[in-house]
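Remarks on the structure that follows.
Here is the naming used below: chain letters follow the sequence lines, and residue numbers restart at 1 for every chain.
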Amino acid sequence: MGTKRQITEYLDIDLEKELWCCNRCGHELISARENYKKGCRVYVRKDPNTIYNSPLKGPFSFAPDPTWAMLVEFYCPGCGVMVENEMLPPGHPVTHDIELDIDKLKEKYLSSETDKPARK
Amino acid sequence: MRPDPKKLLEWIKPSPPTKEERECMKLLQPGDYEIYTEKLNNFLLESKEIFIKLGVSSMLRSGDVVTGIYTPTGDMVAAWCGTYLHAVVGQLPIKYVAETWLNEPTVGCKDGDIFYCSDPLYGGIHNCDQIVVMPVFNDGELIAWTNAAVHQPETGACEPGGMPLTAKTRHDEGMLLSPIKIGENFRLREDLVEMCVNLMSRAPRMQAIDMRARLSAADRLRQRIVSLAQEKGNDFVKGLFRRIVIEAEEGTRRRIKEWNDGTYRAVTFIDIVGEKHRLVRNYLTLHKKGDQLIWDFTGTSPETDSPQHAMPHALAANIAIHLMSYSFNDLPVSAGVLAPMEFIVPDGCMFNPHYEAAQSNSAPSCHGGMTLGTICMSKLMFDSPQRELVASATGNTGVGVLVSGTNQWGVPISDFLAFGLNTEGHGARTDMDGVDAFGFSHCPTGRAPDVEDIENEFQFFNLAAKLSRDSGGFGKYRGGSGTEVIYAVNYVDYALYNSHVKGSKVRNCIGLFGGYPPPTLPGIEVKHTNIWEKMRRGDKDIPTGAMQLITERTIQGDYEISSIFKKTHVLENGDLWVVFSGGGGGYGDVLERDAGMVMDDLRKELISHWTVENVYHVAYDHETLEVDEGKTKQLRHKERGNRISRGMTWDEFEKEWSKLRPDEEILEYYGSWPDGRKTRDIIRM
């Protein structure tokens, strides 16, 4: 873990390898310079009632209207933890939500004598 | 004369310290900063209490207010929050008055003057938010300004309640005051008060009382600052004020500098435009570089012919709610916090519309922006010493529901139902659930008003009020639950009701790191009921919540399930309606939620049995509610495997997903698909 920084609840960056990794199982997802979501398994939850189970049915209920937005879920291919999800209109591009300055990050943590171990 | 929007946006940041102020700062001895900063906070607390005790409208009484102290040039020094957005924009009318009227011979500014304003084009939020401003003079020198601001729930607009969904331009929104001198010699001018009261003929009593409440709060603050200056000297006060602003700026820059450089993005969607269900997008790209944050809202949908707009400075002030209540909550509530911020808000987007645009729904229009701010800041702060301040989004529904007509005492009213407004769910955090019914998205300290008070003031009966089941976003930590209230028109033949709540099709609140967004919110009304008959009989099956109301239907009547937003319409005596406040976003993977916490939620009726089994995958005894740890572990292991099996690779997903697109009808106001660029001009009459 010496060169890993925990960036989100479920994602580390291995600074030496420049890779996004699962914080739970260590699975290497994709280059840290890419959108980590491209390294995940992706599932489109077309029926929102599988999460929200609205007692009302019809156009107005306690579940989002799937013609307006669907949950897109991103799982670690190694352990199946849900790394992130997005509520997106059908076909809307997935968000590149975290784009770190990897060179600065390496400079900050690899070259410093005060390098702190990644937090778990 | 009207200030340029770019200038207003720039005015939210502090002006550079003058040479005189730097000299004055040297007067502070060790300990003075700490002692007198606290003293200012006590002044603010006192003025807030006066404000709340003297006012009458519901948001005022709920504490959704601000009182603030500003430098002679208008920079925010300290504020009681309350509503952080009002504290931030409070600077702008002051800067306008200082720049425009101070040396204008027909206006001028002297001790005892009182200025008043409400127009967003001059630095306000929207037509409803009325601000009183007073100069503070001591020994003939202008040493400060004070203000007091709160939403006034009637503006004389084309619909009751000041926030008409049908407004097409600013000319439909009622009173919009550029900063005017409304009083002299510490007294309001009764001719100008009468003008305002007359414009608010749907609720004249509220306007007359609340104007005086604002003035009383600002004037008490003024008196306290004068006393301080008489005790310590004007130069000491000026030095103290500037030191506070500088401390806040330096603290903010130090903290930002520690965080990881990079770019953070988030997107959210809103489902109403005017009185139609239509899709619009809010998009934020947050750049963190060195000790600076750059907030770029490029990609946000264009302006429309609706009232769902906000000025750039109003958007920035709404973002400041997160900054001042989370990221920099331990620093002074002062303009210094905003010094390292730059805001990019493209011309023609819904956050930077033409000056003729209606903006009466400005505050609720910023809820998407507020969600984006919280999400991007949380992603930025996770790998930092501020991890404990990471959170998913607050409900951000903006439970703006308004009742007007004549109350049980024969008094005309037009006012918010502040219970739902002040009981949204908080976002879940890295180590705890969101607070249930925490408060108002614009005001972390707001409190729901007392039910007896509400029934006294209005013309309805509170049949039920409770936390709403399954309303907080599910996750390792659950979003705070929202509430549900059932009201029945009482005492009078009819009441008028309107709602500008969002989220019947899609919520603009989202989760964090795998936590789910909270559910959508339908509109529920039951007309021509037998509620009074059932109550007279003492029936035991009268519902105690909205779910029971709609599933068991023990009350006879015409059930209408529709959108939660409603333009003004009539409800008759005995008609019921439900108000939901939105739950907060969830945090983390549901499969990591402690099974014992899941059972606690079930016992408190915050979630359903279905949710325990199908979302959290917990095995338990339905009678004793004891968890079967072994079986739960198996169920969750199985579900993780199912996820891997059903999940697609990125390329497979992209191939399928990119073929989809929402119906053209709901994209009417979205702008270009999918990037939300302006595609047409709006012609306003």
Side-chain angles (χ1 to χ4, degrees), chain A residues 5-11 30 37-44 48 50-56 58-65 67-69 71-101 104-105 108 119, chain B residues 260-267 269 271 279 379 382-383 387 430 470 474 504-507 510-511 513-514 516-517 519-523 547 550-551 561-563 587-592 608 610-611 614-615 639-641 643-644 646-650 653 657-663 666 674:
Chain A
R5 293 291 304 177
Q6 188 181 2
I7 303 299
T8 82
E9 178 71 31
Y10 299 113
L11 292 171
I30 198 166
K37 291 170 184 169
K38 293 182 178 178
C40 293
R41 302 293 289 184
V42 190
Y43 175 64
V44 179
T50 55
I51 294 296
Y52 297 105
N53 190 40
S54 172
L56 289 172
F60 298 100
S61 74
F62 296 96
D65 184 331
T67 65
W68 284 63
L71 275 166
V72 181
E73 301 180 353
F74 303 93
Y75 309 131
C76 167
C79 66
V81 75
M82 181 148 53
V83 171
E84 188 52 289
N85 65 58
E86 288 199 70
M87 182 68 83
L88 295 174
H92 187 284
V94 163
T95 311
H96 188 179
D97 57 338
I98 303 176
E99 189 177 356
L100 293 169
D101 185 330
K104 281 273 177 62
L105 203 64
K108 186 174 171 184
R119 297 161 59 163
Chain B
N260 295 334
D261 279 359
T263 298
Y264 302 81
R265 300 182 187 85
V267 64
F269 302 89
D271 65 353
L279 190 73
K379 290 183 177 179
F382 187 91
D383 180 27
R387 186 180 294 182
T430 57
D470 285 332
F474 308 130
S504 283
K505 290 292 187 182
V506 59
R507 286 284 299 278
I510 54 182
F513 302 149
Y516 282 116
T520 46
L521 305 167
M547 294 295 175
I550 55 172
T551 54
I561 311 297
S562 59
S563 169
Y587 178 95
D589 186 350
V590 286
L591 300 184
E592 291 196 347
S608 61
W610 188 93
T611 299
N614 296 282
V615 177
E639 174 59 13
R640 285 193 186 93
R643 287 174 171 179
I644 295 169
R646 72 186 178 226
M648 293 177 275
T649 65
W650 176 261
F653 159 75
W657 184 249
S658 60
K659 291 176 190 164
L660 305 177
R661 181 184 164 109
D663 291 343
I666 69 168

What part of [X] gets within 4.5 angstrom of chain A, counting heavy atoms only: side chain, backbone, both, or neither?
{"X": "B:I550", "answer": "side chain"}
{"X": "B:D261", "answer": "both"}
{"X": "B:F269", "answer": "side chain"}
{"X": "B:T263", "answer": "both"}

| For the student: nearest non-hydrogen atoms of B:P662 and A:P90, plus distance |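 Heavy atoms of B:P662 and A:P90 come nearest at CD-O, 3.3 Å.
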
| query | Of all heavy-atom pairs between B:F474 and B:V615, which one has the smallest distance, and what is that distance? | reply |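 Shortest heavy-atom separation between B:F474 and B:V615 comes out as CD1-CG1, 3.8 Å.
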
For chain A, which of [options] has the most heavy-atom pairs under 4.5 Å?
{"options": "B:G262, B:G588, B:S504, B:G514", "answer": "B:G514"}
{"options": "B:K379, B:M648, B:R507, B:R640", "answer": "B:M648"}
{"options": "B:I561, B:L521, B:T430", "answer": "B:I561"}
{"options": "B:V590, B:T649, B:T551, B:I510", "answer": "B:T649"}

Between [X] and chain B, with a heavy-atom cut-off of 4.5 Å, which part of the residue counts as in contact: side chain, backbone, both or neither?
{"X": "A:L88", "answer": "both"}
{"X": "A:F62", "answer": "both"}
{"X": "A:P59", "answer": "both"}
{"X": "A:T50", "answer": "backbone"}
{"X": "A:V83", "answer": "backbone"}
{"X": "A:L100", "answer": "both"}
{"X": "A:K104", "answer": "side chain"}

Pick from [options] with the largest number of heavy-atom pairs that fall under 4.5 Å of chain B:
{"options": "A:E99, A:H96, A:M87", "value": "A:E99"}
{"options": "A:V81, A:D101, A:N85, A:V94", "value": "A:N85"}
{"options": "A:V72, A:L11, A:L56, A:T67", "value": "A:L56"}
{"options": "A:A63, A:P48, A:P93", "value": "A:A63"}
{"options": "A:T95, A:I98, A:I51", "value": "A:I51"}

| request: Kindly say whether the aromatic ring centers of B:F513 and B:Y587 come within a distance under 6.0 Å. | output: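 Yes, the ring of B:F513 comes within the 6.0 Å limit of the ring of B:Y587, centre to centre.
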
Any donor-acceptor N/O pair, [X] side chain to [Y] backbone, under 3.5 Å:
{"X": "A:Y52", "Y": "A:S61", "value": "no"}
{"X": "A:R5", "Y": "B:D383", "value": "no"}
{"X": "B:R643", "Y": "A:G80", "value": "yes"}

| task | Check each of A:E84, A:E86, A:E73 against A:K37 using the salt bridge (charged side-chain N to carboxylate O under 4.0 Å, His left out) test, and report the only one that passes. | result |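 Option passing the salt bridge (charged side-chain N to carboxylate O under 4.0 Å, His left out) with A:K37: A:E86.
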
| request: State which residues pass side-chain hydrogen bond (donor to acceptor under 3.5 Å, both in side chains) with B:K505; sequence neighbours excluded, sorted by chain then number. | output: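 For B:K505, the residues satisfying side-chain hydrogen bond (donor to acceptor under 3.5 Å, both in side chains) (neighbours in sequence not counted) are A:D65.
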
| request: Return the set of residues passing side-chain hydrogen bond (donor to acceptor under 3.5 Å, both in side chains) with B:Y264 (not counting sequence neighbours), or none when no residue passes. | output: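 Counting only residues at least two positions away or on another chain, B:Y264 forms no side-chain hydrogen bond (donor to acceptor under 3.5 Å, both in side chains).
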
| said: Under 3.5 Å, is there a donor on one side chain and an acceptor on the other for B:N260 and A:K108? | reply: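 Per modelled atom types, B:N260 and A:K108 side chains form a pair under 3.5 Å.
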
| message | Taking the cut-offs as 6.0 angstrom to the six-membered ring centre and 45 degrees off its axis, would you call B:R646 and A:Y43 a cation-pi pair? | response |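 The answer is yes; both the distance and angle limits are met.
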
| query | Can you say whether the rings of B:W657 and B:F653 are parallel (under 30°), tilted (30 to 60°) or perpendicular (over 60°)? | reply |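 Judged by the thresholds at 30° and 60°, the geometry between B:W657 and B:F653 is parallel.
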
